[in-house]
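Keep in mind that the numbers below use all heavy atoms, side chains included, and drop hydrogens, waters and symmetry copies.
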There are 2 protein chains.
Amino acid sequence: MESEPRRTSIRERFREQVRDDVKVVALEQLADGGAESISLNAIAKKLGVSGPALYRYYANRDELLKSLVIDAYHDLRDALLAAPGARDDQCEDRVKALARAYRSWAKDRPNRYELLFKPPLPGYDAHSAEISEAGRSVMGVVLGVITGRLGAESSKSVDEKGAGVNGVLDSEEVLRERRASSPEYQLALRVWSRLHGFVSLELGGAYAAMGVDADALFDTELAVLTVSAESLSEPRRP
Amino acid sequence: MESEPRRTSIRERFREQVRDDVKVVALEQLADGGAESISLNAIAKKLGVSGPALYRYYANRDELLKSLVIDAYHDLRDALLAAPGARDDQCEDRVKALARAYRSWAKDRPNRYELLFKPPLPGYDAHSAEISEAGRSVMGVVLGVITGRLGAESSKSVDEKGAGVNGVLDSEEVLRERRASSPEYQLALRVWSRLHGFVSLELGGAYAAMGVDADALFDTELAVLTVSAESLSEPRRP
DNA sequence: TTGCTTCTGTTAGAACTTATAACTACTCAA
DNA sequence: TTGAGTAGTTATAAGTTCTAACAGAAGCAA
């Protein structure tokens with residue numbers, strides 16, 4: 001958090017502190033009650049200040065939510081980066097590691113995960129440049145895992161490496177050089193969409209409601225995920 | 001809507017009428033503004049009654065939302081049933097038809113689709129028996145399409161056939177006889193989860209934000225969907 | 001140190017929301 | 001015709017977000 005050489009003024013540091021405090025309480029409310037139950041008023045009360053004080057730190061509720069979404073994206077990205085096996089030699093193993101990490105992250109913080117994909121929430125525009133950027137940084141990691149260009153060193157938070165705003169190392173670079181039309185990019189998107197589909201249904205309780213063993217189902221989907229991934233990235237079969 | 005032999009009292013029919021009126025206005029609000037902007041107060045105003053009057057018809061806001069969710073599930077189910085090609089001979093064609101119908105339904109009413117999978121919404125329990133039931137009726141159709149047991153006659157709304165509460169014909173029957181552990185069932189779930197993943201990301205604007213051609217991506221995913229579907233339902237390959 | 005400026009937090013209040021309570025008036029059925 | 005149940009009304013409570021106006025402290029510069 002304090003990688004900067006203390007260039008910030010004492011007031012700015014205080015501001016950041018309070019902004020973080022607000023987010024901490026907001027995450028608590030998010031954890032038990034979902035995004036709807038995040039209330040600036042209640043946060044203020046819990047922080048010991050009264051109501052409108054928080055509007056000095058967040059323009060409105062949506063800005064706070066946006067901030068939470070971006071943080072969550074970055075957190076997810078870091079979790080994927082740190083997945084054991086994300087830098088394996090075998091592509092299949094890398095993808096499996098990614099998938100497991102993705103699912104685990106979501107299951108451990110369901111409300112936070114839902115926050116990410118419930119986007120067109122109240123009024124805040126999901127197409128905010130910052131949110132898109134954060135989303136793309138996750139995509140960068142997915143892409144990096146698939147192409148095996150993650151860079152074996154960094155298995156920790158990207159922020160700690162001081163690698164730019166959301167510099168995802170090689171993968172970010174890949175994002176630029178190979179454009180959206182590249183096969184790897186499309187494959188990454190499809191992997192992501194499948195993972196999201198599975199996890200989303202699981203969190204929504206669909207599997208539970210139908211008496212299905214989600215773990216077993218996930219294993220099956222994992223197998224197909226990697227199979228089709230390989231068959232598509234290296235089209236061997238007729 | 002009036003398949004019953006007019007056994008209902010005039011008052012009950014009036015009640016149903018008002019409940020429907022409320023839902024109609026609610027759907028309008030849902031269409032422009034999302035689920036958050038559904039307000040009992042505003043609905044009442046638009047209907048010319050004042051505020052608390054609606055509480056005679058819906059216990060609370062969540063009950064209205066629950067009702068909308070169930071309707072949406074049934075609507076989606078009917079759309080899938082009516083998909084041109086859902087009763088084709090080729091399994092691959094059936095699944096493709098299903099997938100296209102699914103995506104179309106969602107894209108035509110994004111907010112309504114999101115309502116379905118935003119489940120753990122405010123306070124209403126997504127695991128309400130009725131909602132689970134409605135969700136399962138969609139699964140029934142997916143399963144029916146995959147197994148080719150839809151019954152060639154009924155391409156129209158299930159309700160119009162008077163086939164029980166959400167009687168999905170053969171597929172509902174299949175749901176009972178072959179349990180959740182059957183390969184077809186798991187395959188149906190995986191197909192559904194992939195469709196949901198794709199559509200969800202698309203509606204969320206992820207593809208647009210990354211400058212990806214969603215149509216092309218969908219076509220690719222469609223191909224893999226059916227390929228892996230076949231390879232799994234009939235494990236031919238070593 | 002003095003003084004100015006900027007920032008932070010306060011209270012008051014507007015405009016909403018969901019939801020309940022109490023009361024009136026109507027309709028339906030015996 | 002009488003009586004029950006229903007439908008609507010207003011008033012009200014307890015929330016929410018967010019603005020406005022103001023008080024006071026903190027930082028900064030001369």
Sugar-phosphate only, base, or nothing, as touched by B:Tyr58 at under 4.0 Å among non-hydrogen atoms: nothing

Nearest-angstrom distance from the residue atom CZ of B:Arg15 to C1' of D:dG5: 12 Å

Nucleotides 16-27 of chain D: protein proximity per nucleotide (B base, S sugar-phosphate only, - neither; heavy atom, under 4.0 Å): SBBB-B----BS

d(CD, B:Glu63; P, C:dT18) in whole Å: 15 Å

Tell me which donor-acceptor pairs under 3.5 Å the side chains of residues 37-48 of chain B have, and how far apart each pair is, sequence neighbours excluded?
from    : atom 1 : to      : atom 2 : distance (Å)
B:Ser37 : OG     : B:Gln29 : O      : 3.2
B:Ser37 : OG     : B:Gly33 : O      : 3.3
B:Ser37 : OG     : B:Gly34 : O      : 2.8
B:Ser39 : OG     : B:Asn41 : N      : 3.3
B:Ser39 : OG     : B:Ala42 : N      : 3.0

B:Arg15: side chain to side chain contact (heavy atoms under 4.5 Å, CB included) partners, not counting sequence neighbours: B:Tyr57

Separation of C:dT18 P from A:Glu36 CD (nearest whole Å): 13 Å

Pair B:Arg109 + B:Glu114: basic N to acidic O under 4.0 Å: no

Length of the line joining B:Arg19:CZ and D:dT6:P, which is rounded to integer Å: 15 Å

Side chain to side chain donor-acceptor pair (under 3.5 Å) partners of B:Tyr207, counting only residues at least two apart: none

Spacing between B:Tyr57 atom OH and D:dT6 atom P, to the nearest angstrom: 11 Å

Non-neighbouring partners of A:Arg103 that pass side chain to side chain contact (heavy atoms under 4.5 Å, CB included), sequence neighbours left out: A:Lys107, A:Phe198, A:Val199, A:Glu202, A:Ala214, A:Asp215, A:Phe218

Under the side chain to side chain contact (heavy atoms under 4.5 Å, CB included) test, residues paired with B:Ala101 that sit two or more places apart: B:Leu80, B:Ala83

Whole-Å distance separating the CD atom of B:Gln17 from the C1' atom of D:dT6: 17 Å

